[in-house]
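Inspection log for the structure reproduced underneath, given as C-alpha cells.
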Amino acid sequence: MTEEKLPLRSENYSEWYNQVIQRTEMADYAPVRGCMVVRPYGWALWENIQQALDKRFKATGHQNAAFPLFIPMSFLEKEKEHVEGFSPELAVVTIGGGEKLEEPLVVRPTSETVIGYMYSKWIKSYRDLPVLINQWGNVVRWELRTRLFLRTLEFYWQEGHTAHATEQEAEEETRRMLDVYTDFAVNEAAVPVIPGMKSATEKFAGAARSYTIEAMMGDTKALQSGTSHNLGQNFARAFDIQYLDQNNALQYCWTTSWGLSTRFIGAIIMTHGDDQGLKLPPRLAPIQVVIVPIYKNDEERGKVIPVVEKVQQMLTEFRLKVDDRTEVTPGFKFNHWEMRGVPLRIEIGPKDVEKGSVALARRDIPGRDGKQFVSQEGLAAVVSNLLKDIQAAMLEKARAFRDANIHEPKDYAELNTIVQNGWALAHWCGSVDCEARVKEDTKATIRCIPLENGQGKGKCIVCGQPAEQKAYFAKSY
RNA sequence: CGGGGUGUGGCUCAGUCCGGCUAGAGCACGCGGUUCGGGACCGCGAGAUCGAGGGUUCAAAUCCCUCCGCCCCGACCA
C-alpha cells in the first residue's frame with residue numbers, strides 16, 4: 001500500500017491516470033509488453049458493466065454465443081477494406097503442435113469474418129432472419145503505443161453481429177444499439193456521451209457507415225467509447241451470406257456489428273476521477289458503501305462493532321464493505337476508499353453509538369461539505385436516495401464540464417485555438433481534404449457528426465464552401 | 001519503426017563522471033509496543049546474483065563491447 005498522494009491531474013494527467021489504476025489495484029502491467037492484467041477490483045467493475053449491457057442486449061432480442069479465437073488468414077483477406085485496415089495490427093500463429101501450419105491463423109482482432117462465414121452456413125431463408133448474436137470475449141490488436149485500458153494488445157469487449165433482410169432493418173439495428181450504448185453510458189456510468197456518425201476516414205474498416213459515442217475526458221480529450229457499424233452488404237458479399245426472399249429470389253443479407261470494450265473503464269476513470277483518485281458511479285461501483293468503524297480501545301471497539309454489524313444488516317441491498325482492519329487508522333481508510341472511488345462512506349464511532357447516528361460522507365463532494373450525520377433509523381432509504389443523488393450529481397457535473405469545454409469557432413484560426421484545450425463544433429463540408437488539413441494543422445480529428453444539433457446550413461470552417469452538417473473536432477485518445 | 005531517456009531490494013531513488021571496506025536511504029513488508037472521528041509514532045527485523053552476456057583490471061554497480069527491457073516524443077489505432 002502506498003501512502004503518497006497522487007500526481008495532480010492538472011500537472012501530469014497521464015501519470016495521474018497510470019497511478020490511479022495501479023494504486024487502486026484495477027490493473028497491472030503483464031510481463032508481455034502492451035498487455036495488462038485486470039485485477040479483481042477492475043474486473044468487478046467490468047462485470048457490472050457487462051451486466052448492465054447484457055441486460056439491454058437481451059431486452060432487444062439478442063442472444064450470446066461464442067466464436068473461436070483463431071481465424072484462417074484467408075478469411076481476413078476476403079473483404080478488401082477490412083484486411084487493409086487490420087493487417088498492420090494482426091498477431092499471426094504460424095506454428096501449431098510443433099509443425100508449421102499450412103495456413104497461418106490470425107488471433108481475432110474482431111470477428112466479422114468468422115461470424116460471416118458461419119452466418120453463410122446458417123442463413124438460407126428470409127425466415128431465418130434476423131440473426132441477432134452477441135459475443136463476450138477478448139481480441140488482439142498489435143498496437144505500438146499502449147495505455148492501460150485505453151489501448152492494449154489484448155482487450156476484453158463484447159461484439160454484436162447481426163444479419164437482416166433489408167438495408168433499412170440493418171440501419172435500424174445499428175442505430176438501436178448506438179442508443180443502447182448511449183443509454184448505458186449516460187444512465188449507468190454517468191458519462192454524458194455524444195452519439196454521432198464517424199467520417200469516412202474514421203469509420204470501421206469494411207463498414208458502410210460507423211456510429212460512435214464520444215466522451216470528453218478530464219483533460220478535454222475525446223474518447224471513442226463505443227461503436228456501432230452498418231456493414232451494408234460488404235461482408236455478406238465477401239462471405240456469401242445469402243437468403244431466399246418471399247419471391248424465391250436470392251438476396252444478400254445486410255449485416256451490422258457493434259462493440260464496447262474495457263476501454264470504457266478508462267472512460268469512467270477519466271470522466272469522473274479527481275486528484276483524490278477514482279470516483280465511481282454508484283450504479284456500477286463494485287463497492288457502493290464502505291463502513292469504517294472508529295474506536296480507540298477494546299472497550300470502545302466492543303460497543304462499536306455490534307452497531308456496525310446491525311447497520312450492515314440494514315443495508316444488505318447494497319454492495320457493501322466493512323473495513324474492520326485494525327492495523328491502519330480510520331484516516332488512512334478514508335483516503336484508501338476515496339482513492340478507490342467508493343461513492344459513499346459510513347463512519348460509526350462511539351459518539352454514534354451513543355446518539356444512534358452514523359456519519360455519511362459522499363465521495364463526490366470532498367471534505368466537510370459532503371459529510372452529514374443521520375439517524376440509524378431508516379438508514380437504508382437514506383442511503384438509497386443518497387446514492388441516486390450522487391449518481392445524478394456525477395452526471396450533471398460531467399455534463400457541465402463537457403459543455404463548458406465545447407465551443408463554436410467563428411473562423412479557422414479560432415478552431416485551432418479551441419481544440420488545443422477543448423472540442424470545437426463547426427460546419428464541415430464533408431471533404432476528406434478539409435478533414436486532413438485540420439488534423440495536420442492541429443492534431444485534432446473529427447470525432448463525429450452529431451445526430452442531434454448537427455444539421456443546418458452553414459459554411460465549412462476550413463474551406464468556406466457550403467456545408468450541411470456540423471462536426472466535433474477534438475484531440476483524442 | 002525513427003529520435004531522446006533510463007535500467008540498483010516490491011516501489012521511488014542516491015552511489016557511476018574520478019574503479020577500492022560488508023552497495024545506502026525513504027516508502028511498502030514482518031514482529032513488539034504506544035496510537036486510532038482525515039494518510040500515526042518508536043524499536044527491532046527480513047529483503048539485492050546492481051537488466052543480461054562478454055571484456056579490461058589485483059579489484060567493476062562504476063571503464064569498454066554486444067544484446068534486451070521499460071518510459072517519453074513522433075508516424076498507425078477500439
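On a predicted model such as this, the values are computed, not experimentally measured, just so you know. Letters go in sequence order (proteins before strands), and every chain restarts at 1.
Distance A:F332 CZ to B:G37 P: 13 Å, rounded to the nearest Å. Between the NZ atom of A:K371 and the C1' atom of B:G38 there is a distance of 7 Å, given to the nearest Å. Between A:W337 atom CH2 and B:G38 atom P there is a gap of 19 Å when expressed in whole angstrom units. The NZ-C1' distance, from A:K351 to B:G38, rounds to 13 Å in whole Å.
Within the structure, every pair that satisfies the salt bridge (charged side-chain N to carboxylate O under 4.0 Å, His left out) test and touches residues 203-213 of chain A, not counting sequence neighbours, is listed here: A:E81-A:K203, A:E171-A:R209.
Legend: residues meeting side-chain contact (heavy atoms from CB on, under 4.5 Å) with A:Q19, ordered by chain and number and at least two apart, are A:L6, A:P7, A:E15, A:R23. Listed by chain and number, the residues in a ring-ring contact (aromatic ring centres under 6.0 Å, His included) with A:Y211 amount to none (sequence neighbours excluded). For the ring-ring contact (aromatic ring centres under 6.0 Å, His included) test, no residue two or more places apart in sequence or in another chain qualifies with A:H161. Judged as a ring-ring contact (aromatic ring centres under 6.0 Å, His included), and not counting sequence neighbours, the contacts of A:Y13 are A:W16. For A:Y117, the ring-ring contact (aromatic ring centres under 6.0 Å, His included) criterion is met by A:F75, not counting sequence neighbours. For the salt bridge (charged side-chain N to carboxylate O under 4.0 Å, His left out) test, no residue two or more places apart in sequence or in another chain qualifies with A:D324.
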Using residues 43-53 of chain A as the side-chain source, report each donor-acceptor pair under 3.5 Å to any protein atom, sequence neighbours left out, with the distance given to one decimal.
residue	atom	partner	partner atom	Å
A:W43	NE1	A:E47	OE2	3.4
A:N48	ND2	A:L284	O	2.8

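Residue-level contact check: A:R345 touches the bases, meaning some heavy atom is under 4.0 Å from a base atom. At the heavy-atom level, A:K333 lies nowhere under 4.0 Å from the strands shown. Residue-level contact check: A:G259 touches neither bases nor backbone, having no heavy atom under 4.0 Å from any strand. A:E338 comes within contact range of at least one nucleobase, with a heavy-atom separation under 4.0 Å.
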Strictly under 4.0 angstrom, non-hydrogen atoms only: write out the protein contact profile of nucleotides 67-78 of chain B, one letter per nucleotide from the 5' end, B, S or -. ---S--SBB-BB
How does protein contact run along nucleotides 5-12 of chain B, one letter per nucleotide 5' to 3', with B for base contact, S for sugar-phosphate only, - for none, heavy atoms under 4.0 Å? --------
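A:R283 places no side-chain N or O within donor-acceptor distance of the main-chain N or O of A:A190, the cut-off being under 3.5 Å.
With a cut-off of 3.5 Å on both pairing distances, the Watson-Crick and G-U wobble pairs of RNA chain B assemble into stems of 3 or more at B:1-7 with B:68-74, B:10-13 with B:24-27, B:29-34 with B:40-45, B:51-55 with B:63-67.
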Could you list, one pair per line, each protein nitrogen or oxygen that sits under 3.5 Å from a nitrogen or oxygen of nucleotides 31-36 of chain B, together with the distance?
residue	atom	partner	partner atom	Å
B:C36	O2'	A:Y295	O	3.1
B:C36	N4	A:K296	O	3.2

